[in-house]
Asks: 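Take a look at the following structure, please.
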Amino acid sequence: MLTSKLVSIAVFATVALTACGGGVTASGSGSSTSPATPAASGTYVPNGNAATVQGIDSAGRGYRDDVAQLISDSYSAVPTVKVGAELAAQAYQASLSTAAQAMSDTTPMIEQEAQIGGCAARNAGLSNAQALITAEHAIYARTFNTDARMAARQKYAAKATTAGVLPFDPTKCASIVGGAR
Amino acid sequence: MRSRFHRLVATFLIVSALVSTTAQATFVRPAVPSMSALVCTTAPKFYYINGIMAPDAETEGTEAQILAMALAAEGIGHYNEVESIYNPSEGLFLDIGRKLLAQKVAEGLSGLLSFMENAFNFMLGNSSTLTAADQTNIQNSLAAATANAVTNGLDSAAAQTLKTATDTVINQAAIGIKVVLVAHSEGNMFAQALYAETQIQGANVYNPSGFNIAQQFQVVNVATPAARADTGKYVTASQDIVINLAARALALVTGTLQPATANWDAGPNIYASDPIGHSFVKVYLNNSLNGLEGQVLTLATQAASAAQSFGQENPEGPMQIVATTGAGTASYTVTAPDGSTTTTPLGNGANMTVFKPSCSDLKEGTYSVTANIVSVQQGPVFGVDTELSVPVLNVSGTNAGNQFIDFWSSPSPISDQGTVMDIEVSKDESSGGFNEQFFIYSRQ
């Protein structure tokens with residue numbers, strides 16, 4: 001059981017990293033936790049980042065530039081909410097990656113999504129629950145904003161053929177929350 | 001329905017080898033417990049089941065832990081972690097999104113990206129810049145999807161997930177855990193199907209030993225589109241637009257079927273939190289909406305209390321020990337952890353309870369059972385059979401729930417005595433009950 005969970009985490013990490021590639025060189029903002037003011041490249045707004053399913057992730061965060069801009073604009077005031085938004089962005093974007101799309105059973109990633117969401121909630125605390133959910137939903141709405149992205153997400157979700165109870169292990173949260181960017 | 005006790009007697013049987021000897025045999029304690037069970041538990045395992053309007057695993061996990069924190073803040077204990085049961089409705093949610101987008105493409109809308117993002121935000125209970133007409137259109141789509149879940153039942157993806165989830169949840173119950181399902185919106189239809197599986201009496205695919213676990217389950221239905229609550233505990237806000245619209249859609253389709261009547265006035269501020277008045281976290285776990293969150297937690301408290309545990313409600317209690325004797329007499333003595341003893345003599349052919357503590361009697365430590373057995377059968381072959389049985393829960397199917405001692409000798413009558421069973425009892429903090437471990441000795 002432990003082995004399978006470790007494999008799941010490894011798969012998720014691999015997919016998340018694979019998802020980072022956007023084929024565009026870094027814009028120079030660099031910092032993952034303090035996004036810079038939008039560059040004039042057009043990649044920080046949805047219209048400039050809709051040509052492909054995966055879009056452009058110029059800073060290698062694990063999610064698109066326009067999603068990063070949304071977090072910076074609307075969900076960066078409360079640090080723990082921002083972390084939750086970043087984790088959600090990474091998880092959602094990972095589901096669009098080539099590796100995730102090629103998986104025969106996405107259950108490990110679905111389970112990891114639930115684990116990440118749970119950790120984000122624990123990290124934010126009850127007082128920020130409403131804000132966190134609002135942020136996560138907004139990230140979902142931004143990430144899957146084209147028909148092709150919705151179709152890819154549907155394909156990914158439909159392959160979670162062995163999912164049942166989604167486990168939650170609070171001992172994993174420190175490393176997960178620490179991986180937000 | 002046979003009791004769990006009788007089922008276990010029938011299910012678990014160790015028969016010691018026939019011993020042909022005039023010398024006294026030795027009873028040997030096993031190195032590991034023959035079986036174990038949680039009894040007298042008070043804290044249930046909570047499972048959360050999301051609805052179609054919060055469809056993805058990320059937010060499902062978030063909502064489950066927000067529920068966990070709300071339970072903790074209210075002092076409602078639970079067994080281990082609150083976990084979610086995957087409701088694979090995201091495909092349906094995305095179907096709605098794609099149809100809305102296709103509609104706008106057909107209309108020639110230029111700002112498709114902005115529309116889609118706003119549409120999803122609206123569907124998920126966030127603020128948006130949609131027109132009133134678009135909002136109405138989306139509300140109707142959501143309500144229709146919810147009504148469809150009621151009238152058509154689970155789709156094939158959900159049916160597959162149901163099997164996996166039911167297996168896990170019933171296994172928890174079978175080791176003695178109480179279970180409370182908290183379901184929101186369309187997730188209630190998933191919960192309803194899962195709950196129905198737990199209520200099947202007798203052996204079935206999820207409960208092959210036929211343990212009597214049905215009473216260990218309770219459901220809290222939040223914003224349910226179903227006509228009735230599974231265990232009588234539900235809350236729906238009067239201002240919940242989705243459920244109200246679903247009611248109309250259902251009435252249109254079925255003529256009579258309606259969701260359970262809204263039973264909580266959350267006040268007009270509900271729409272400041274969620275434009276459709278439906279979100280699990282932003283509405284039903286919102287502590288500023290006329291006590292709506294408090295009502296959800298009150299129902300959770302009631303469900304935790306109503307879910308029965310093994311040992312508290314069943315007539316045999318947590319550790320009834322029953323003995324039978326044939327072709328001989330026996331005397332059993334149970335020594336409790338506090339040193340008190342209970343001795344019960346059995347005549348030939350007797351079948352009686354030799355020890356039966358209640359949950360309030362149960363103490364941490366070791367209960368030790370000793371036997372003194374004498375054969376009475378006339379020679380030249382003298383035989384005796386005795387049996388001790390205990391009511392337990394167990395799912396592995398490899399352990400024993402009773403001890404069967406059968407031996408004979410020739411040419412003279414024989415007797416045997418010694419410790420035949422230990423039951424180690426320890427407090428289980430997470431469940432609020434006791435962990436019982438049974439060490440059933442073998443006769444060698």
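Proteins get letters first, then strands, A, B, ... in listed order; numbering begins at 1 in each.
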Asks: Do side-chain atoms of Glu117(B) reach the backbone of Ala141(A) as a donor and acceptor pair under 3.5 angstrom?
Replies: no
Asks: Given heavy-atom pairs under 4.5 angstrom as the criterion, report whether the side chain, backbone, both or neither of Thr162(A) touches chain B.
Replies: backbone
Asks: Any sub-3.5 Å donor-acceptor pair from Asn126(B)'s side-chain atoms to Thr134(A)'s backbone N or O?
Replies: yes
Asks: Tell me the closest heavy-atom pair linking Arg153(A) and Leu94(B), and the distance in Å.
Replies: CG-CD1, 3.6 Å
Asks: Flag the pair Glu113(A) / Glu60(B) as yes when at least one side-chain heavy-atom distance between them is below 4.5 Å, and no otherwise.
Replies: no
Asks: Mind running side chain to side chain contact (heavy atoms under 4.5 Å, CB included) on Arg98(B) and Gln154(A) for me, showing each step along the way?
Replies: CA-CA 10 Å; Arg98(B) 297 182 70 184; Gln154(A) 262 185 321; 2.7 Å; yes
Asks: Would you compute the distance between atom CG of Asn47(A) and atom OG of Ser110(B) and round it to the nearest 0.5 angstrom?
Replies: 9.5 Å
Asks: As an exercise, state the distance from CG of Leu132(A) to CD of Gln65(B), rounded to the nearest 0.5 Å.
Replies: 11.5 Å
Asks: Could you tell me which residues satisfy salt bridge (Lys or Arg N to Asp or Glu O under 4.0 Å) with Asp105(A), sequence neighbours excluded, listed by chain and number?
Replies: none
Asks: Taking atom types as modelled and ignoring hydrogens, do the side chains of Glu90(B) and Tyr156(A) form a donor-acceptor contact shorter than 3.5 angstrom?
Replies: no
Asks: So what's closer than 4.5 Å to chain A heavy atoms on Phe93(B): side chain, backbone, both or neither?
Replies: side chain
Asks: Quick one: are Tyr140(A) and Thr59(B) in side-chain contact, heavy atoms under 4.5 Å?
Replies: no
Asks: Kindly write out the residues that satisfy salt bridge (Lys or Arg N to Asp or Glu O under 4.0 Å) with Glu81(B), not counting sequence neighbours, or none if the list is empty.
Replies: Arg122(A)
Asks: By a 4.5 Å heavy-atom criterion (distance strictly below it), what part of Ala124(A) contacts chain B: side chain, backbone, both, or neither?
Replies: neither
Asks: Of the backbone (N, CA, C, O) and the side chain (C-beta and beyond), which part of Ile66(B) lies under 4.5 Å from a heavy atom of chain A, both, or neither?
Replies: both
Asks: Could you tell me which portion of Ile139(A) (side chain, backbone, both or neither) has an atom closer than 4.5 angstrom to a non-hydrogen atom of chain B?
Replies: neither
Asks: Go through the atoms of Leu285(B) and report whether side chain, backbone, both or neither lie under 4.5 Å from a heavy atom of chain A.
Replies: backbone
Asks: Measure the spacing between CD of Glu83(B) and CG of Asp169(A) and express it to the nearest 0.5 Å.
Replies: 9.0 Å
Asks: If you take all heavy atoms of Ala73(B) and Leu126(A), which pair is closest and at what distance?
Replies: CB-CD2, 4.0 Å
Asks: Does a side-chain heavy-atom distance below 4.5 Å link Met150(A) with Met116(B)?
Replies: yes
Asks: Go through the atoms of Ala50(A) and report whether side chain, backbone, both or neither lie under 4.5 Å from a heavy atom of chain B.
Replies: side chain
Asks: What part of Val105(B) is in contact with chain A, defined as an atom under 4.5 angstrom from a non-hydrogen atom: side chain, backbone, both or neither?
Replies: neither
Asks: Which one wins on heavy-atom pair count under 4.5 Å against chain B: Ala138(A), Ala158(A), Gly118(A), Ala120(A)?
Replies: Gly118(A)
Asks: Assess the side chains of Glu136(A) and Thr62(B): does a donor N or O sit below 3.5 Å from an acceptor N or O?
Replies: yes
Asks: May I ask you to name which of Leu113(B), Ile85(B), Thr161(B), Asn118(B) has the most heavy-atom pairs under 4.5 Å with chain A?
Replies: Leu113(B)
Asks: Between chain A and each of Thr168(B), Asn286(B), Val281(B), count heavy-atom pairs under 4.5 Å; write down the option with the most.
Replies: Val281(B)
Asks: If you look at every heavy atom in Ala121(A) and Met69(B), which pair is closest and at what distance?
Replies: O-CE, 3.2 Å
Asks: Could you tell me which residues satisfy salt bridge (Lys or Arg N to Asp or Glu O under 4.0 Å) with Lys159(A), sequence neighbours excluded, listed by chain and number?
Replies: none
Asks: For Thr161(A) and Gln160(B), which heavy atoms make the closest approach, and how far apart are they?
Replies: O-CG, 3.6 Å
Asks: I'd like to know whether the aromatic ring centres of Phe144(A) and Phe120(B) sit less than 6.0 Å apart in this structure.
Replies: no
Asks: State the CG-CZ distance between Asn121(B) and Arg142(A), to the nearest 0.5 angstrom.
Replies: 9.0 Å
Asks: Give me the contact list for residues 48-58 of chain B versus chain A, heavy atoms only, anything under 4.5 Å, ordered by residue number.
Replies: Ala54(B), Pro55(B), Asp56(B), Ala57(B), Glu58(B)
Asks: Quick one: OG1 on Thr107(A) to OH on Tyr86(B), what's the gap to the nearest 0.5 Å?
Replies: 8.0 Å
